[in-house]
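Have a look at the structure below before the remarks.
Naming convention: chains lettered A, B, ... in sequence-line order (proteins, then strands); numbering from 1 in each chain.
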There are 2 protein chains.
Amino acid sequence: MTINLRDRRRLQTAREIQLAALRLSLRHGYACVTTDSIASEAGISTRTFFNYYPNKQAAVLGMPPQLDSCAAEWIVTSTGPLVDDLACLLGRMLEAKEIDREIVRMIEQVWDTTPELMAVFRNSMDNIALTLGGLLHTRLGPDRQPEAMLIAELATHALSHAVRHWAADDAMSVSDIPPMIARQMRQVGHLLV
Amino acid sequence: MTINLRDRRRLQTAREIQLAALRLSLRHGYACVTTDSIASEAGISTRTFFNYYPNKQAAVLGMPPQLDSCAAEWIVTSTGPLVDDLACLLGRMLEAKEIDREIVRMIEQVWDTTPELMAVFRNSMDNIALTLGGLLHTRLGPDRQPEAMLIAELATHALSHAVRHWAADDAMSVSDIPPMIARQMRQVGHLLV
DNA sequence: AGCAAATATTGCATAGTCCGCAAAATCATG
DNA sequence: CATGATTTTGCGGACTATGCAATATTTGCT
């Protein structure tokens, strides 16, 4: 059990650092928070801070969700409606991440005063879109590469919006997110044709 | 003519700094280029560098295109097909920017080794999408806000892809970009419904 | 329990980014 | 050419981030 215990501790520390970063950012504003102050608030040395996160921004945002391309391959050969498949795929990704509503809310508040953080977050979404775009490219056929990428990017935007909605509405559960993604993508489709 | 002459000089210097940043990044890799070296290559002091660009990334990317929300208001009341209006609007924005094919190519090459720059660029696209989303929100009606934002974001992605295509293909002219945007957005629409 | 290997934390030194301030240089205009 | 406005520049300083080596902690094993 050596690996599990160490990893759990590691995860716990990473989370504490993120919470420290968020607390301080909400209190003093992201720009006024130093890596020193975050480390101090989290009870670690400044040097250790950088063992957990590559930079200050990453500490505030925490580990970004990742799309495991192996666990997502089914979407290439699925015959169901595209939008439903996409919604389902992204929904599963969210479940794997065990997203925390309170943290999402705090992140959003920091965003409002720090566009730079929005950019970093969007970058992690783009990484997902890149993987997803590759899969869709295979599914749709070799002459549909641009469309595959556009749809992948659209899907990650729909995901972001749905998550934001979920964070703002206590009555909404994580399982409500995929249907919401599918619905909005369909509406977009109708408006575009 | 005092103002005009000063501004022209300012624009010229900004461009020289960008070219210096691009040259050095292509030669040594973005990560190995310092603001000192860029300033030196551009023939200015390090301090002056930061009078022109807020940071190293901005120097490589140059002035981002901007969507003048006043000059774009017509899209709120236009009755033409949505995708064509969007394509036209973004096309006009491009014309205003007088985009340079060679510079776009250089930027793309630097991107390939520096995902961080991609994020910054995408951020400028998101600013455009934000403005555009507001306009579309008005056009589509108050109950269509999420769709308005999604379409705005999709449009900026389509623009990016089209510009990349244009940069790679000498036979393509800037005026070919709007039709390309419209076509791809329509295809996406069909795939989504 | 106790030892040895693996892993994590920390301090220190260092390169680099970026900003505020004030002096010096440059420029536009009468 | 004098003068006020603008720009450039140097300098100092706060902060980010990384490599390296020493120290501390944890783990597996006897």
Check nucleotides 2-5 of chain D against the protein and report each pair of N or O atoms closer than 3.5 Å, with its distance, or say if there are none.
none

Taken to the nearest whole Å, CD1/A:Ile38 to C1'/D:dA17 is 13 Å

So does B:Ile38 get a backbone contact from the side chain of B:Lys56, meaning a donor-acceptor N/O pair under 3.5 Å? no

If you take all heavy atoms of A:Ala148 and A:Gly133, which pair is closest and at what distance? CB-O, 3.8 Å

Within the sub-3.5 Å range, which N or O atoms of nucleotides 16-20 of chain C have a protein N or O partner, and how far apart are they?
from: C:dT17; atom 1: OP1; to: B:Thr35; atom 2: N; distance (Å): 3.3
from: C:dT17; atom 1: OP1; to: B:Lys56; atom 2: NZ; distance (Å): 3.4
from: C:dT17; atom 1: OP2; to: B:Thr35; atom 2: N; distance (Å): 3.1
from: C:dT17; atom 1: OP2; to: B:Thr35; atom 2: OG1; distance (Å): 2.9
from: C:dC18; atom 1: OP2; to: B:Lys56; atom 2: N; distance (Å): 3.1
from: C:dG20; atom 1: N7; to: B:Arg47; atom 2: NH2; distance (Å): 2.9
from: C:dG20; atom 1: O6; to: B:Arg47; atom 2: NE; distance (Å): 2.5

Shortest non-hydrogen pair, A:Ser78 vs A:Asp85, comes out as OG-OD2, 2.6 Å

Run the side-chain hydrogen bond (donor to acceptor under 3.5 Å, both in side chains) test against A:Arg101 and tell me which residues pass, sequence neighbours left out. none

In whole angstroms, the gap separating C1' of C:dA25 from CZ of B:Arg9 amounts to 13 Å

Is there a side-chain polar atom (N or O) of B:Tyr52 under 4.0 Å from OP1 or OP2 of D:dT7? no

Between P of C:dA28 and CG of B:Asp7, the distance in whole Å: 12 Å

Nearest-Å distance, CG (B:Asn51) to P (C:dA24)? 18 Å

Do A:Met149 and A:Ile181 share a hydrophobic cluster (ILVMFWY, side-chain heavy atoms under 4.5 Å, transitive)? no

Roughly how many Å is it from CZ in B:Arg10 to C1' in D:dT7, rounded to a whole number? 8 Å

Only residue of A:His28, A:Gln18, A:Glu41 satisfying side chain to side chain contact (heavy atoms under 4.5 Å, CB included) with A:Arg23 is A:Glu41

Cluster check A:Val83, B:Leu191: I/L/V/M/F/W/Y, side chain < 4.5 angstrom: yes

Applying the 4.5 Å side-chain criterion to the ILVMFWY set and letting contacts propagate, would B:Val120 and B:Leu24 be lumped into a single cluster? no

By side-chain hydrogen bond (donor to acceptor under 3.5 Å, both in side chains) - contacts of A:Thr131 (at least two apart): none

In short, salt bridge (charged side-chain N to carboxylate O under 4.0 Å, His left out) pairs touching residues 91-100 of chain A with sequence neighbours left out are A:Arg15-A:Asp100

Between D:dA14 atom C1' and A:His28 atom NE2, what is the distance in whole Å? 17 Å

Five-pair end axes of the helix from C:dA1-D:dT30 to C:dG30-D:dC1 and the angle they enclose, rounded to 10°: 20°

So does B:Thr48 get a side-chain nitrogen or oxygen closer than 4.0 Å to the phosphate oxygens (OP1/OP2) of D:dT9? yes

Side-chain ion pair, A:Arg105 and A:Glu102, N-O less than 4.0 Å: yes

